[in-house]
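Down below is the structure, laid out as structure tokens.
Quick note: numbers below take in every heavy atom, side chains included, and nothing from hydrogens, waters or symmetry partners. Nothing here was measured: the structure is a model prediction, and the numbers come from that model.
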Amino acid sequence: MHPLLVRAEQELKLRGYSPRTRKSYLQHLRRFLRHAGPAPDAITADSIRDYLVGVADRGLSRAYHDQVASAIRFLLRYVCNLPLLLDSAPRPRKQSRLPQVLSTGELRGFFAAIDNPKHRAALLVAYSAGLRVSEVVRLRVGDLDPERHLIHIRSGKGRKDRYTLLSDVAWTSVQHYVAAFRPTNWLFPGASEARPLNTRTIQKVVAAARNRAGIQKRLTPHTLRHTFATQLLESGTDVRYIQELLGHASPKTTQIYTHVAQRDLARIRSPLDTL
């Protein structure tokens, strides 16, 4: 392994980055260092910018581009001690896309298209609590508190714990699943009881259910989280509570749902209807 990769892995661990982020950063840095070359002084402003231009030219998502830039910036700042080169690794401009949200009818059709009790329970919990897919697959049996109607999310994004909602409908689905499969550690284990369900499995289940339900909108597990937040906002829930439930570090992240909520838009009449 490249010496800089070894040091980068150590720094990532020391700074408490999650295993998933460590793996992604190291993959990006391995490709970048292969591009830059083995010489000790190969990391230059030109080599950085050339590599990032290549990433941009490949037409990859903004999120991917942003993570590549973040990995290189981590290398410059904490491993190579080259802060003067940080300007050579700019992050891409943020996109102003609004989140996709499902209607009530689409949600009913989506959940009706899932037959597997484990997958159905996992996705009902995810939607009813606004969970990230990585959070729902890592739930343990003891994290659900039906008496208080709460779910304990341990080490969510940013290594933060929080509580969010446990709905009666989701809990009933979980009870039916648990009675049949009796998980002991992970609430939704994978092929082995020792490991949680893979996030890719959930993504495939969502894609298959979308097709069976005939939903035309783009639909991923994160769409359920967007729908949860938007529906809470439309029902009058204060955005500060939604921020807490979602585990957002900044209220600005939560504010995006104000742009898709229909609570106030429904009161406005199109001028065409007054003719």
(request) Using the rule that two of Ile, Leu, Val, Met, Phe, Trp, Tyr join whenever any of their side-chain heavy atoms come within less than 4.5 Å, decide whether L60 and Y51 are in one cluster. (result) yes
(message) I'd like to know if R240 and E244 make a salt bridge, using a cut-off of under 4.0 Å between side-chain N and carboxylate O.
(response) no
(message) Strictly distance-based, threshold 3.5 Å: is any side-chain N or O of T223 a donor or acceptor partner for the main-chain N or O of T220?
(response) yes
(message) Same cluster or not: V169 versus L123, using hydrophobic residues (I, L, V, M, F, W, Y) connected whenever any side-chain heavy atoms lie under 4.5 Å apart?
(response) no
(request) Could you tell me whether the side chain of L131 reaches within less than 4.5 Å of the side chain of R225, counting heavy atoms only? (result) no
(message) For H2, is the NE2 atom crowded, meaning more than 12 foreign heavy atoms sit under 6.0 Å from it?
(response) yes
(request) Would you mind listing every ring pair (Phe, Tyr, Trp, His ring centres under 6.0 Å) that reaches into residues 68-90, with sequence neighbours excluded? (result) Y17-F74, F74-Y78
(request) For Y177 and L187, indicate whether the former's side chain and the latter's backbone hold a donor-acceptor pair under 3.5 Å. (result) yes
(message) Does the Lys NZ or Arg CZ of R140 fall within the cation-pi geometry relative to W186 - under 6.0 Å from the ring centre and within 45° of the axis?
(response) yes
(message) Let me confirm one number: the CG-OG distance from D46 to S88, rounded to the nearest 0.5 Å.
(response) 8.0 Å
(message) A quick test of your reading: do over 12 heavy atoms of other residues, nucleotides or ligands sit less than 6.0 Å from OH of Y64?
(response) yes
(message) Do T227 and L107 have side chains that approach each other closer than 4.5 Å (heavy atoms only, starting at C-beta)?
(response) yes
(message) Nearest 0.5 angstrom please: L150 CG to L144 CG, how far?
(response) 10.0 Å
(request) For the pair T164 (side chain) and A129 (backbone), establish whether a donor and an acceptor sit closer than 3.5 Å, ignoring hydrogens and angles. (result) yes
(message) How about CG on D87, more than 12 heavy atoms from neighbouring residues, nucleotides or ligands closer than 6.0 Å, or not?
(response) no
(request) Verify, without hydrogens or angle tests, whether R62 (side chain) and R93 (backbone) share a donor-acceptor contact under 3.5 angstrom. (result) yes
(message) Do S128 and W171 make a side-chain contact, defined as non-hydrogen atoms from C-beta onward lying under 4.5 Å apart?
(response) no
(request) Kindly compute the distance separating OG1 (T104) from CD (Q231), expressed to the nearest 0.5 Å. (result) 5.5 Å
(message) One pair to check against side-chain contact (heavy atoms from CB on, under 4.5 Å): I153 and D161. What are the steps and the verdict?
(response) CA-CA 5 Å; I153 307 301; D161 283 15; over 6 Å; no
(message) A side-chain contact here means heavy atoms from C-beta on lying under 4.5 Å apart; do V137 and T201 qualify?
(response) no
(request) Taking the six-membered ring for Trp and the full ring for Phe, Tyr or His, determine whether the centres of F228 and Y127 are under 6.0 Å apart. (result) no
(message) Around atom CZ of R91, are there more than 12 heavy atoms from other residues, nucleotides or ligands closer than 6.0 Å?
(response) yes
(message) When you measure from the side chain of K118 to the backbone of P189, do you find a donor-acceptor pair of N or O atoms at a distance under 3.5 Å?
(response) yes
(request) Taking only Lys NZ, Arg NE, NH1 and NH2, and the carboxylate oxygens of Asp or Glu, determine whether R120 and D115 approach each other closer than 4.0 Å. (result) no
(message) For L165 and I151: C-alpha separation, side-chain torsions, deciding distance, then whether side-chain contact (heavy atoms from CB on, under 4.5 Å) applies.
(response) CA-CA 6 Å; L165 310 177; I151 302 174; over 6 Å; no
(request) To the nearest 0.5 Å, tell me how far S70 OG sits from H65 NE2. (result) 10.0 Å
(message) Side chains of Q10 and R7: any donor to acceptor distance under 3.5 Å?
(response) no
(message) Using side-chain heavy atoms (C-beta onward) and a distance below 4.5 Å, is L84 in contact with L76?
(response) no
(message) Closer than 3.5 angstrom, by distance alone: can the side chain of T199 be matched with the main-chain N or O of S134 as a donor-acceptor pair?
(response) no
(message) Is there a side-chain contact between N185 and V141 in this structure, where contact means two heavy atoms from C-beta onward sitting under 4.5 Å apart?
(response) no
(request) Provide the closest heavy-atom pair for A209 versus I114 in the form atom of the first, atom of the second, distance. (result) CB-CG1, 3.7 Å
(message) If I take atom CG from residue L246 and atom OH from residue Y241, how far apart are they, to the nearest 0.5 angstrom?
(response) 15.0 Å
(request) Check whether any side-chain heavy atom of F32 sits under 4.5 Å from a side-chain heavy atom of I48, and report yes or no. (result) yes
(request) Give a yes-or-no answer on whether the side chains of H149 and D168 include a donor-acceptor pair shorter than 3.5 Å. (result) yes
(request) Give the minimum heavy-atom separation between R49 and P90, together with the two atoms involved. (result) NH1-CD, 4.4 Å
(request) Say whether H28 and Q67, considering side chains only, have a donor N or O and an acceptor N or O under 3.5 Å apart. (result) yes
(message) Would E193 and R182 count as a salt bridge (charged side-chain N to carboxylate O under 4.0 Å, His left out) here? Give the steps.
(response) CA-CA 11 Å; E193 280 282 335; R182 301 197 176 281; over 6 Å; no
(request) List the atom of I202, the atom of P221, and the distance in Å for their closest heavy-atom pair. (result) CG2-CG, 4.0 Å
(message) Minimum heavy-atom separation for A89 and I72, please, with both atom names.
(response) CB-CG2, 4.1 Å
(message) L33 vs I43, test: side-chain contact (heavy atoms from CB on, under 4.5 Å). Steps then yes/no.
(response) CA-CA 8 Å; L33 291 172; I43 300 178; 4.0 Å; yes
(request) Please check if any side-chain donor atom of S24 sits under 3.5 Å from a side-chain acceptor atom of T21, or the reverse. (result) no
(request) Could you check if a side-chain atom of H222 sits within less than 4.5 angstrom of a side-chain atom of V133, using non-hydrogen atoms only? (result) no
(message) Would you say Y163 ends up clustered with L245 if hydrophobic residues are merged whenever their side chains have heavy atoms under 4.5 Å apart, either directly or through other cluster members?
(response) no
(request) Please report the closest heavy-atom contact between A8 and V79, naming both atoms and the distance. (result) CA-CG2, 3.7 Å
(request) Kindly determine whether V125 and V174 satisfy side-chain contact (heavy atoms from CB on, under 4.5 Å), including the steps that lead there. (result) CA-CA 8 Å; V125 168; V174 169; 3.6 Å; yes
(request) Only pairs at least two apart or in different chains count here, so list each salt bridge (charged side-chain N to carboxylate O under 4.0 Å, His left out) that has a residue in residues 202-218. (result) E106-K217
(request) Enter the distance from Y25:OH to L5:CG here, rounded to the nearest 0.5 Å. (result) 14.5 Å
(request) Of all the heavy-atom pairs spanning A42 and S47, show the shortest one and how long it is. (result) O-OG, 3.1 Å
(request) Check the pair Q203 / R200 against side-chain hydrogen bond (donor to acceptor under 3.5 Å, both in side chains), numbers first and verdict last. (result) CA-CA 5 Å; Q203 291 166 350; R200 183 64 185 138; 3.3 Å; yes
(request) Please determine if E11 and R22 form a salt bridge, counting it only when a charged side-chain N lies under 4.0 Å from a carboxylate O. (result) no
